[in-house]
Amino acid sequence: MIIKLNIQKSFTKTAIAFITSQAIAQTTCMRNLAVLSAIVLAIASGLVFGTMQTAFALTWNWNYSGTGIEAIGTFITDNTPDDLGFYRILEITGTRNGETITGLQPVGTPIPGNEPFDIDNLISLNTQQLTGEGFGYSTSGGNYSSPLFSSVLPTPSYLEVFSAPPLTPGFKNFGKEDSELPIRFSATIITVP
């Protein structure tokens, strides 16, 4: 009888241990499922509402100068170049002639006052770092700038198209406050994932 009772106790302890381990495993699984669900929801929200930054972005220092022009700042780009070696600029910060840069011009649109010349916001480590479309930005003074590489000049080089109020649509409507001047441009990657 004592042997039978000890076997029953041993069996009961083993059964309880097994049931407990299964309950813990199920709880852990449910907890992992809850965490996974939260991660998926956060990623989906970021994609839908555009609040997530690129997982592996590059940070660049850039600058350019010309007669009466000094601009300097940083870019955030995606981390993968296109087939020609160009990276998409996602964010910009900096100053131009003491004015704070307030925003990056959306891809496929011209800076105000330089219609119909759309910008592409591409940068490269190649010798020619900008495309003919260039990148565009606005400043705290209500001005707009678009540095680009012009291959149609007798000596291909960098230019800055600058538009200031009053902003009259069309590149043929440049006022005395607007300009298209040669610049020296440089950009380097400062952080790599």
Side-chain angles (χ1 to χ4, degrees), residues 49-51 53-54 57-191:
F49 298 110
T51 57
Q53 290 204 0
T54 304
L58 301 176
T59 302
W60 301 59
N61 280 337
W62 62 269
N63 67 77
Y64 65 88
S65 60
T67 304
I69 304 167
E70 289 291 331
I72 189 167
T74 59
F75 294 134
I76 302 294
T77 69
D78 54 15
N79 71 334
T80 306
D82 64 16
D83 293 341
L84 299 175
F86 286 90
Y87 298 81
R88 174 83 53 206
I89 300 169
L90 306 172
E91 297 177 29
I92 187 171
T93 60
T95 60
R96 182 196 182 276
N97 288 359
E99 293 182 9
T100 301
I101 294 173
T102 56
L104 186 64
Q105 185 71 23
V107 170
T109 65
I111 61 168
N114 197 38
E115 295 82 0
F117 300 106
D118 295 345
I119 54 90
D120 60 17
N121 291 341
L122 294 175
I123 184 75
S124 176
L125 291 172
N126 298 333
T127 304
Q128 177 189 324
Q129 291 194 278
L130 299 175
T131 65
E133 287 77 25
F135 66 94
Y137 62 86
S138 57
T139 68
S140 57
N143 302 313
Y144 293 86
S145 181
S146 179
L148 57 95
F149 186 83
S150 178
S151 58
V152 299
L153 298 174
T155 302
S157 62
Y158 294 104
L159 294 174
E160 180 207 53
V161 175
F162 178 76
S163 296
L167 299 167
T168 307
F171 69 98
K172 293 182 180 180
N173 297 321
F174 260 31
K176 61 182 170 99
E177 67 283 346
D178 303 321
S179 63
E180 185 174 276
L181 298 173
I183 57 170
R184 291 170 305 285
F185 180 87
S186 176
T188 56
I189 295 174
I190 57 173
T191 60

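The first residue of the sequence shown is numbered 1, and numbering continues consecutively from there. Below, all heavy atoms of this structure are taken into account, side chains as well, without hydrogens, waters or symmetry copies.
With sequence neighbours excluded, the residues satisfying side chain to side chain donor-acceptor pair (under 3.5 Å) with Asn126 are Ser124. For Thr100, there are no side chain to side chain donor-acceptor pair (under 3.5 Å) partners two or more places apart in sequence or in a different chain. Contacts of Glu160 classified as salt bridge (Lys or Arg N to Asp or Glu O under 4.0 Å), with partners at least two apart in sequence or in another chain: Arg96. Residues satisfying the side chain to side chain contact (heavy atoms under 4.5 Å, CB included) test with Ser65, not counting sequence neighbours, are Glu70, Arg184. Every residue meeting the side chain to side chain contact (heavy atoms under 4.5 Å, CB included) condition with Asn61, not counting sequence neighbours, appears here in chain and number order: Thr74, Thr188, Ile190. For Trp62, the side chain to side chain donor-acceptor pair (under 3.5 Å) criterion is met by no residue, not counting sequence neighbours. Here Glu177 pairs with nothing under the side chain to side chain donor-acceptor pair (under 3.5 Å) rule; sequence neighbours left out.
Summarising the geometry of Pro147 relative to Ile183, their closest heavy-atom pair is CB-CD1, 4.0 Å, with the distance given to 0.1 Å. Nearest heavy atoms, Pro110 versus Pro116: CB-C, 4.4 Å. Of all the heavy atoms in Val161 and Ile111, the pair that sits closest is O-CD1, 3.7 Å. For Ser140 against Thr102, the heavy-atom pair with the smallest separation is N-CG2, 3.6 Å.
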Fill in: side-chain hydrogen bond (donor to acceptor under 3.5 Å, both in side chains) between Tyr137 and Thr93, intermediate numbers included
CA-CA 9 Å; Tyr137 62 86; Thr93 60; over 6 Å; no
Item to complete: Could you go through the side chain to side chain contact (heavy atoms under 4.5 Å, CB included) check for Leu130 and Leu122 one step at a time?
Response: CA-CA 6 Å; Leu130 299 175; Leu122 294 175; over 6 Å; no
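For residues 130-156, the set of pairs meeting the salt bridge (charged side-chain N to carboxylate O under 4.0 Å, His left out) definition, not counting sequence neighbours, is empty. Among residue pairs with one or both ends in residues 107-121, those qualifying as side-chain hydrogen bond (donor to acceptor under 3.5 Å, both in side chains) are Gln105-Thr109, Asp120-Thr131; sequence neighbours excluded. Residues in residues 78-112 take part in these ring pair (Phe, Tyr, Trp, His ring centres under 6.0 Å) pairs, two or more places apart or across chains: Trp60-Tyr87. Here ring pair (Phe, Tyr, Trp, His ring centres under 6.0 Å) pairs that include residues 92-124, with residues two or more places apart or in two chains, are Phe117-Phe171.
Using a 4.5 Å cut-off on side-chain heavy atoms (C-beta onward), Thr139 and Tyr144 make no contact. Side chains of Ile123 and Phe75 form a contact here, defined as non-hydrogen atoms less than 4.5 Å apart. Side-chain atoms of Ser138 and Asn143, non-hydrogen and from C-beta on, never get closer than 4.5 Å to each other. Ser145 places a side-chain heavy atom less than 4.5 Å from the side chain of Tyr64. In this structure, the side chains of Ile76 and Leu58 stay at 4.5 Å or more apart for every pair of heavy atoms. With a 4.5 Å cut-off on side-chain heavy atoms, Ser146 and Phe135 do not count as touching. Side-chain contact between Leu104 and Ile89 is present, with heavy atoms from C-beta onward closer than 4.5 Å. Side-chain contact between Leu159 and Leu181: absent, with no pair of heavy atoms (C-beta onward) separated by less than 4.5 Å.
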Which atom pairs, one a donor and one an acceptor, fall under 3.5 Å between side chains of residues 149-158 and the rest of the protein, sequence neighbours left out?
unit_1 : atom_1 : unit_2 : atom_2 : d
Tyr158 : OH     : Thr127 : O      : 3.4
Tyr158 : OH     : Gln129 : N      : 2.8

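Partner of Arg88 under the side chain to side chain contact (heavy atoms under 4.5 Å, CB included) criterion, chosen from Val107, Thr80, Thr77, Asp82: Val107.
Remark: Asn97 CG to Thr95 OG1 distance equals 8.5 Å, nearest 0.5 Å.
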